[in-house]
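What follows is a set of notes on a single structure, which appears directly below.
Please read these numbers as outputs of a predicted model, since none were measured by experiment.
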Amino acid sequence: MESKQPNIPAKFLKPYDPKVTEEKIYKSWQESGFFNPDTCIEKGVTRADAPVFSIVQPPPNVTGTLHMGHALATTLEDIMTRYHRMRGFRTLWIPGTDHAAIATQSKVEGIIYKEEGKRRQDLGREELLKRVDAYAKQSHDIIVSQIKKLGASVDWSREAFTLDDKRNFAVRTAFKKMYDDGLIYRGYRIVNWDPKGQTTISDDEIVYKEGTGTFYTFKYSKDFPISIATTRPETKVGDTAVAVHPDDLRYKIFIGKEYDIDFAGAKIHIKIVGDTAVDPAFGTGAVGVTPAHSHVDWEIAERHKLPIVPVINEYARMSVDSPLLKDKKVAEARTAVIEWLKSQNLLEKEEQIPQNIATAERTGGVIEPLPKLQWFINVNKKIASHKNKTLKDLMRRAIGKDKNDVTIIPDRFEKVYTHWIENLRDWCISRQIWYGHRIPVWYKGDQIYCDIEPPKGADWTQDEDTLDTWFSSGLWTFSTLGWPEKTADLMTYHPTSVLETGYDIIFFWVARMILMSTYLLDEVPFKTVYLHGLIRNADGSKMSKSAGAIDPLSMCEKYGTDAVRMSLIVATGPGNDIKMSEDKIRAYKNFSNKLWNITRFVLTSAIGEIYDEKFVAFSPGDAKLVVEQDKLLKEINKEMEEFKYYLVAEKIYAYVWHEFADIILENSKDIFKNGNSADKKSRKQFLLHTLVRFLKILHPFVPFITEEIWSDMPEKNIADKKPLIIETWPI
RNA sequence: GCGCCCUUAGCUCAGUUGGUAGAGCGCUUCAUUUACACUGAAGAUGUCGCAGGUUCAAGUCCUGCAGGGCGCACCA
């Protein structure tokens, strides 16, 4: 059928259809090469000496698919990236994925067990790794396609993976340097053991679950002078001391005395010690010290040189030499000890108290503190090459008001970060899993060898363990830029401009990146940290983990990516959680359609009018509108610089719909009908000016529809036509 | 125990140096082929958690309290 308006591309006569548009547009961006700053310089889009804007994508875990949180992060990062690219910066956004060691391995182990009934030991290291790699590859491919679907203008030519060869080299290099500086050490210390995952985990990987426990008060024996209280009677066969406050008048006279006791079928030796860590008001004011199975008790034991007696093994079963308890699971052993106490008339009191259960973040297993030989990063050692500062010092100093410091948005998280550093203990980095960066240490008899490459000669055996996944994530801002090579990328793009991520990984990741970068490169990894909130369901539960989660990709299919992006950005300030609903997404689908129809109206009205960028002969009424618009754009620019995208998106939305469409366009109908020719010309130019301007400033937020409209604006109406992605930001 | 955040229209949330309240969704009435029904016009709904204080003026600043949520530590 013939179009009634021959100068208007026919597509504007039908409603906007994101489905036929988005894939095509993304492909055209990719083929243009403008995601890559080098190409932008080569093609004269960006000046070679332009200021730099760089950002690394927080690498999604290759454990599955993207959720709404990823969609929010991707949108925010893409807004920053597109804005700076249009501003003329040398703009680089590096994509990548995270191998996520424990998370991925336990996921694949779960699948294998479910489908084949086999455990990791049944398959062996080689075979399991093959399976995990295959799964990771598949997951990676899905994630990449999803990131594209979301419109991310990332430079795919620089894509990285936390476990690829280059990143592995960076990891080995970092390990070696820290080892040589004495910051990485191997030690027999109490660690958080996850019996379910059969590995250690760091303090930050513990999730505390609220519950109630029974608090038992008892004596070890009839002759023992002091009662103690515990929620874990089964560990008491590992006690080597009773600690009391040194000033506690009730117990002072017993300090220094030692007792041999038969307890629940085991022989224990108890020394009474005085220690200020004991709270005289809690329980009986006396602590049964179990150095092998409690972090606090381990520290007491260190202070008093107490022996360490492990009584629980890696399978959470009793390893103590007592016929009553040996090989029992801890829960069974607890019952057995209570029975025994009752039979001996030693149990004095039972009461229910609230108790936090420590569980492993990834497997849900109940953590069993155990002493083990593991690798640690010493956060309190003075580093000669850093003016005798410790890693804690370096991390603390990186945040602040100084020009070279890291700024966190919102700033309240600076306090959270600082507080975390105060409580930080040595970081246990070795994991007893197979998927990950293998520790670059080799053993031969009692010799130890640590280097980037394996030792020459026979009979060296590499350490079986792998590294905490956050070790490699910590290097991410510079391992992606080629470190340890002194590459042009590293020189140009580091420190990165912004790190955009969720506030829930400020310790896991943000702090570890600051640690690694300040230590290895002597500079901060990024200048600004923008922390977004967590996406929640209507009831406030975490969307990423619940069954009824809204899937971002199916929302993109249904309403268009631009609608999903707008719904995530509007009215969601940094650090605040976001309750997501499908209604909100639908509202912004309507906005896309509005924009589409505005375009139709403007192009129809301005047929034959050539867009003149420098046009100034506006009618008094239009001149006033231009002034108002300039004022709005200046506000918007300020807010873009301040990362207030939620305000900008709302303002543009309100102006485009309720000012431009509802008032200006309506009012134009009258002008085109009754106005004189100068007024008509003025209004045509004003409409074109406004459309051009708002397509540009909307582009970072809704890149697909704006680029699509732009690509089919009649050529004669737009001077110097370039793709919108590299157009110049107005004002 | 230390610290943080939230509490504004039925729902989800804005409200940037203090100047007697806004958006989206929903609701009511009207318009019926209009650039757009993925629409337009008009409208209703709020002692801005509670109690004090500072100020000419407080949703906004200060103090206390209550409810909800979160982080860290403790959890013998």
Worked check of salt bridge (Lys or Arg N to Asp or Glu O under 4.0 Å) between A:E422 and A:K392: CA-CA 8 Å; A:E422 301 310 320; A:K392 265 192 186 184; over 6 Å; no
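- Separating the NE2 atom of A:H295 from the P atom of B:C72 is a distance of 15 Å, rounded to the nearest angstrom.
- In this structure, B:G22 forms a base pair with B:C13, meeting either the Watson-Crick or the G-U wobble geometry with both donor-acceptor distances under 3.5 Å.
- Looking at heavy-atom distances under 4.0 Å, A:F507 makes contact with sugar-phosphate atoms alone, never a base.
- Residue A:K644 contributes atom NZ, which lies 20 Å from atom P of B:C13 at whole-angstrom precision.
- B:C48 is unpaired under the criterion used here, namely a Watson-Crick or G-U wobble arrangement in which both key atom distances are under 3.5 Å.
- The distance from atom CG of A:L499 to atom CD1 of A:I514, rounded to the nearest 0.5 Å, is 9.0 Å.
- Taking atom CZ on A:F413 and atom C1' on B:C4, their separation rounds to 8 Å, with Å as the unit.
- When heavy atoms are screened at a 4.0 angstrom cut-off, A:H293 is found touching no nucleic acid atom at all.
- For A:N576, no side-chain nitrogen or oxygen approaches OP1 or OP2 of B:G69 to under 4.0 Å.
- Proximity of A:H658 to the phosphate of B:G24: a side-chain N or O atom is located under 4.0 Å from OP1 or OP2.
- Distance, A:W596 CH2 to B:C38 C1': 14 Å, rounded to whole Å.
- Partner assigned to B:G1 is B:C72, using Watson-Crick or G-U wobble distances below 3.5 angstrom.
- The pairing partner recorded for B:A57 is none, the criterion being a Watson-Crick or G-U wobble arrangement whose two distances lie under 3.5 angstrom.
- When the side-chain nitrogen and oxygen atoms of A:K669 are compared with OP1 and OP2 of B:A35, one or more of them lie within a distance under 4.0 Å.
- Counting non-hydrogen atoms under 4.0 angstrom, A:G288 reaches the backbone sugars and phosphates but no base.
- No donor-acceptor pair under 3.5 Å is formed between the side chain of A:D239 and the backbone N or O of A:A241.
- Each of B:C4, B:A23, B:A35 was ranked by its minimum atom distance to the side chain of A:N597; first place goes to B:A35.
- With hydrogens and angles left out, the side chain of A:E666 and the base of B:A41 share no donor-acceptor pair within 3.5 Å.
- We find that CH2 of A:W298 is positioned 21 Å from C1' of B:C74, with the value rounded to whole Å.
- For the pairing with A:I357, the side chain to side chain contact (heavy atoms under 4.5 Å, CB included) check across A:V366, A:T212, A:I206, A:I367 returns one residue only, A:V366.
- Backbone-only engagement by A:N423 is indicated by non-hydrogen atom pairs under 4.0 Å involving sugar-phosphate atoms exclusively.
- B:G67 is paired with B:C6 under the Watson-Crick or G-U wobble criterion, all donor-acceptor distances under 3.5 Å.
- With B:U39, B:G71, B:C75 as the choices, the nucleotide that has an atom nearest any side-chain atom of A:W657 turns out to be B:U39.
- Between B:C4 and A:Y503, no contact under 4.0 Å exists linking OP1 or OP2 to a side-chain N or O.
- Residue-level contact check: A:T284 touches neither bases nor backbone, having no heavy atom under 4.0 Å from any strand.
- Residue contacts for A:V278: at a heavy-atom cut-off of 4.0 Å it reaches a base atom on one of the strands shown.
- Within the nucleic acid shown, A:D297 has no heavy atom closer than 4.0 Å to any nucleic acid atom.
- With contacts defined as side-chain heavy-atom distances shorter than 4.5 Å, the pair A:L534/A:Y503 qualifies.
- Atom pair A:I598:CD1 and B:C38:C1' shows a separation of 13 Å (rounding to whole Å applied).
- Computed from coordinates, the A:E422 CD to B:C72 P distance equals 15 Å when rounded to whole Å.
- In this structure, SG on A:C428 lies 11.5 Å from CD1 on A:I190, to the nearest 0.5 angstrom.
- Within 4.0 Å of A:A661, counting heavy atoms only, lies at least one base atom of the nucleic acid.
- One cannot find a donor-acceptor pair under 3.5 Å joining the base of B:C4 and the side-chain atoms of A:K415.
- Base-pair partner of B:U39: B:A31 (Watson-Crick or G-U wobble, both distances under 3.5 Å).
- Among the nucleotides B:G24, B:C38, B:U16, the one closest to the side chain of A:N590 is B:C38.
- Taking the six-membered ring for Trp and the full ring otherwise, A:Y653 and A:F591 have centroids separated by under 6.0 Å.
- Residue whose closest nucleotide on RNA chain B sits further toward the 5' end, between A:G285 and A:D204: A:D204.
- Atom CD in A:E351 sits about 16 Å away from atom P in B:C75, given to the nearest Å.
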